[in-house]
Undergrad: 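Starting off with a structure, shown below.
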Amino acid sequence: MDPICAYLFHLSCLLVYIGSNDNKNTTGDQGMAKQIFIKNTWYVAAMSDEINHNKPLGRKVCDQSIAFYRQADGKVAAVLDFCPHRGAALSLGYVEDGLLVCGYHGLKMGEDGKTKEMPLQRVQRFPCMKSFAVEERFGFIWVWPGDKEAANTDLIPHLPWAEDDTWAYGGGCII
């Protein structure tokens with residue numbers, strides 16, 4: 001394996017792991033230690049088979065809570081894991097007709113972060129939530145937590161072992 005690709009992959013796994021743990025700082029201060037992440041780059045957020053068609057997956061990447069789900073066409077979408085109605089985690093809801101549905105009051109969100117509908121409510125004035133660039137490649141879900149317009153799929157490291165039948169990979173973290 002190309003050493004640069006291996007390094008980037010391991011770094012990506014590590015940063016997703018670090019971002020998903022609420023490690024308190026050890027300085028005795030109240031609250032969280034300030035963590036700085038490079039956001040305008042691709043990170044591995046999940047394995048492809050972790051995201052199915054009816055249940056979203058919540059992950060914390062670069063200190064941002066993100067809800068991943070599959071749309072009706074099978075493509076993965078990623079939005080901020082926060083319902084604009086009451087602040088519930090969208091990842092605790094479900095997927096219906098390719099839309100992410102909040103389990104609290106049934107608000108339906110699209111892949112663009114816009115509220116599409118909600119039972120007995122007008123949704124035109126609901127704020128748009130942040131959506132993220134996401135790409136499914138090499139059996140992984142890659143997310144770009146920074147500026148969505150700057151995301152370039154050509155920057156995803158090539159993982160030749162993921163396409164080579166002489167390699168076997170059964171999941172888990174490679175460290």
Undergrad: Nearest heavy-atom pair of Val95 and Lys55: which atoms, and what distance?
TA: CG2-N, 4.2 Å
Undergrad: Enumerate the side-chain hydrogen bond (donor to acceptor under 3.5 Å, both in side chains) contacts for residues 90-105, please, sequence neighbours excluded, ordered by first and then second residue.
TA: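 Listed by first then second residue: Asp81-Ser91, His85-His105, Glu96-Lys108.
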Undergrad: What verdict does the side chain to side chain contact (heavy atoms under 4.5 Å, CB included) test give for Ile141 and Ile51, after you've listed the backbone C-alpha separation in whole Å, the side-chain angles of each residue and the deciding distance to 0.1 Å?
TA: CA-CA 9 Å; Ile141 304 301; Ile51 302 174; 3.7 Å; yes
Undergrad: Check for a donor-acceptor pair, side chain of Lys130 on one end and backbone N or O of Pro145 on the other, with a separation under 3.5 Å.
TA: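 Yes; at least one donor-acceptor contact below 3.5 Å.
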Undergrad: List the residues meeting salt bridge (charged side-chain N to carboxylate O under 4.0 Å, His left out) with Glu136, not counting sequence neighbours, and say none if there are none.
TA: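 Partners of Glu136 by the salt bridge (charged side-chain N to carboxylate O under 4.0 Å, His left out) criterion, ordered by chain and then number, come out as Arg70.
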Undergrad: Quick one: are the ring centres of His158 and Phe138 less than 6.0 Å apart?
TA: yes
Undergrad: Looking at residues at least two apart in the chain, or sitting in another chain, which of them share a side-chain hydrogen bond (donor to acceptor under 3.5 Å, both in side chains) with Asn152?
TA: none
Undergrad: Going by side-chain contact (heavy atoms from CB on, under 4.5 Å), name the residues that satisfy it together with Asn54, two or more places apart in sequence or in a different chain.
TA: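 For Asn54 the side-chain contact (heavy atoms from CB on, under 4.5 Å) partners, ignoring immediate neighbours, are Asn52.
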Undergrad: I'd like to check Trp42 versus Val143 (side-chain heavy atoms, cut-off strictly below 4.5 Å). Are they in contact?
TA: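 Side chain of Trp42 against side chain of Val143, heavy atoms only: no contact under 4.5 Å found.
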Undergrad: Is the closest side-chain heavy-atom distance between Tyr43 and Ile38 below 4.5 Å?
TA: yes
Undergrad: Around atom CG of Asp73, are there more than 12 heavy atoms of other residues, nucleotides or ligands at under 6.0 Å?
TA: yes
Undergrad: Look at the side chain of Glu50 and the backbone N and O of Met47, then say whether any donor-acceptor pair between them is shorter than 3.5 Å.
TA: yes
Undergrad: Trp161 vs Phe140 aromatic rings, parallel, tilted or perpendicular, using cut-offs 30° and 60°?
TA: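 Aromatic pair Trp161/Phe140 classed perpendicular.
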Undergrad: With Phe82, which residues qualify under side-chain contact (heavy atoms from CB on, under 4.5 Å), at least two apart?
TA: Leu80, Met129
Undergrad: Using side chain to side chain contact (heavy atoms under 4.5 Å, CB included), reason through Val134 and Trp142 one step at a time and then give a plain yes or no.
TA: CA-CA 6 Å; Val134 64; Trp142 298 79; over 6 Å; no
Undergrad: Would you say that Gln71 contacts His53 through its side chain, given a criterion of any heavy-atom pair below 4.5 Å between the two side chains?
TA: no
Undergrad: Taking side-chain hydrogen bond (donor to acceptor under 3.5 Å, both in side chains) as the definition, give me every residue that meets it alongside Lys148, ordered by chain and number, with sequence neighbours left out.
TA: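 Scan of Lys148 (side-chain hydrogen bond (donor to acceptor under 3.5 Å, both in side chains), adjacent residues dropped) gives Ser131.
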Undergrad: Between Leu57 and Tyr69, is a side chain to side chain contact (heavy atoms under 4.5 Å, CB included) present by the stated rule, with each step listed?
TA: CA-CA 6 Å; Leu57 175 71; Tyr69 69 99; over 6 Å; no
Undergrad: Decide yes or no for Pro84 and Met109: does some side-chain heavy atom of the first lie under 4.5 Å from some side-chain heavy atom of the second?
TA: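 In short, these two side chains touch, coming nearer than 4.5 Å.
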Undergrad: Would you indicate whether the side-chain heavy atoms of Pro56 and Leu90 approach each other to under 4.5 Å?
TA: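 No; the side chains remain at least 4.5 Å from each other.
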Undergrad: If you apply the rule side chain to side chain contact (heavy atoms under 4.5 Å, CB included), what do you find for Leu100 with Val79, and how did you get there?
TA: CA-CA 9 Å; Leu100 183 56; Val79 296; 3.7 Å; yes
Undergrad: Output all residues satisfying side-chain hydrogen bond (donor to acceptor under 3.5 Å, both in side chains) with Lys75, sequence neighbours left out; order by chain, then residue number.
TA: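 With sequence neighbours excluded, Lys75 shows a side-chain hydrogen bond (donor to acceptor under 3.5 Å, both in side chains) to no residue whatsoever.
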Undergrad: Taking salt bridge (charged side-chain N to carboxylate O under 4.0 Å, His left out) as the test, write out the residues that go with Asp164, two or more places apart.
TA: none
Undergrad: Using every non-hydrogen atom in the two residues, find where Glu111 and Ala77 come nearest and quote the distance to one decimal.
TA: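 Minimum heavy-atom contact is CB-CB, 3.5 Å.
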Undergrad: If the test is side-chain hydrogen bond (donor to acceptor under 3.5 Å, both in side chains), which one of Asn40, Thr153, Thr41 qualifies with Trp144?
TA: Asn40
Undergrad: Return the minimal non-hydrogen interatomic distance between Ser65 and Lys60, and the atom names on each side.
TA: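 Minimum heavy-atom contact is OG-CE, 3.7 Å.
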Undergrad: Would you say Phe68 ends up clustered with Val101 if hydrophobic residues are merged whenever their side chains have heavy atoms under 4.5 Å apart, either directly or through other cluster members?
TA: no
